[in-house]
Amino acid sequence: MCLTIKKRFDYIVAQKLQLELSKLVSFEPIEVQDIEVIVATDVGYKGSKGVGVAVAYDAEKRREICHVAIVDDIDIPYVPGLLAFREAPLMTGAIKELSARCVDADVVMVNGHGVSHPRKFGIASHIGVVLDKPSIGIAKKLLYGSIVLDDKRREAIVVDGSIVGYVAKNIHGGSVYISVGHRLTPENALIITESVWNKHYPLPDPLYIADNLTKKLRSKIR
DNA sequence: GCGACAG
DNA sequence: ATCTTGTCGC
């Protein structure tokens with residue numbers, strides 16, 4: 001039989017898929033006050049293995065509710081712009097597991113960009129569309145787009161002439177690039193993110209917890 | 001061709 | 001992302 005014949009990652013097809021799926025992204029506003037559960041997701045690596053974590057966070061009490069982690073092989077390479085094909089499976093897997101075992105998310109916070117992306121379909125949008133959930137992209141570096149001041153003098157991220165997100169900083173000057181993933185507005189994404197961010201830390205609370213969990217669990221894989 | 005390039 | 005010891009600073 002045809003054993004161990006691996007096809008390599010076709011980034012041309014992957015890019016076309018992103019262009020198609022980007023048409024499904026919604027910017028419809030949501031009611032921020034109605035958000036109770038924020039689920040943050042991140043991925044860590046150990047050789048060819050990856051650990052995907054999903055952390056449920058109580059937006060009102062501002063504390064973790066529960067979390068889950070799953071491990072699997074990572075066989076797609078990292079290519080800027082195509083991060084979702086490498087990490088989204090672990091993230092959606094962890095989020096579904098969390099939903100089945102603990103609580104379902106009202107909004108998902110992803111470590112990576114949303115529509116501040118060359119094809120308007122970063123990993124946060126990918127996850128939002130796949131799960132049909134409102135989602136927010138949070139990244140530590142800008143991938144695509146330009147920074148301009150909006151009418152309220154906030155630093156906005158502009159792609160194709162429209163605002164898709166904002167830059168926010170902690171008390172130490174560390175930046176975070178926030179963008180729409182799916183089913184919310186740039187302003188919704190900004191408000192939600194700032195409402196759960198203890199700015200003494202580098203990332204909004206839910207993601208910071210997920211990020212730390214990722215590093216902690218990474219050393220336990222083998 | 002050159003430089004840029006999430007995690 | 002990950003590889004990595006000590007070291008500067010609050």
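In what follows, chains are A, B, ... by sequence order, proteins preceding strands, each numbered from 1. Because the structure is a prediction, the values reported are computed rather than measured.
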Query - N/O (side chain, A:Arg218) to phosphate O (OP1/OP2, C:dT2) under 4.0 Å - result: yes
Query raised in the report: Do the side-chain N or O atoms of A:Lys46 get closer than 4.0 angstrom to the phosphate oxygens (OP1, OP2) of C:dA1?
Result: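 Indeed not, no polar side-chain atom of A:Lys46 lies that close.
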Query raised in the report: Base, sugar-phosphate, or nothing: which does A:Ile74 touch, judged by heavy atoms less than 4.0 Å apart?
Result: nothing
Requested in this report: Give one of base, sugar-phosphate or nothing for A:Gly50, where a contact means two heavy atoms less than 4.0 Å apart.
Outcome: nothing
Specify the separation, in whole Å, of atom [atom1] of [X] and atom [atom2] of [N].
{"X": "A:His113", "N": "B:dC5", "atom1": "NE2", "atom2": "P", "result": "10 Å"}
{"X": "A:Gln18", "N": "B:dC5", "atom1": "CD", "atom2": "P", "result": "18 Å"}
{"X": "A:Leu143", "N": "B:dC5", "atom1": "CG", "atom2": "C1'", "result": "7 Å"}
{"X": "A:Ile157", "N": "B:dA6", "atom1": "CD1", "atom2": "P", "result": "14 Å"}
{"X": "A:Leu142", "N": "B:dG7", "atom1": "CG", "atom2": "C1'", "result": "15 Å"}
{"X": "A:Tyr177", "N": "B:dC5", "atom1": "OH", "atom2": "P", "result": "10 Å"}
{"X": "A:Asp42", "N": "B:dA6", "atom1": "CG", "atom2": "C1'", "result": "12 Å"}
{"X": "A:Tyr11", "N": "B:dA6", "atom1": "OH", "atom2": "C1'", "result": "19 Å"}

Query raised in the report: Should we say atom CD of A:Glu97 is surrounded by more than 12 heavy atoms from elsewhere, each under 6.0 Å from it?
Result: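 For A:Glu97, atom CD is crowded (more than 12 foreign heavy atoms under 6.0 Å).
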Is any NZ, NE, NH1 or NH2 atom of the basic residue among [X] and [Y] found under 4.0 Å from an Asp or Glu carboxylate oxygen of the other?
{"X": "A:Lys16", "Y": "A:Glu20", "result": "no"}
{"X": "A:Lys49", "Y": "A:Asp72", "result": "no"}
{"X": "A:Glu187", "Y": "A:Arg154", "result": "yes"}

Requested in this report: Give a yes/no verdict on base stacking between B:dG7 and A:Tyr78: centres under 5.5 Å, planes within less than 30° of parallel.
Outcome: yes
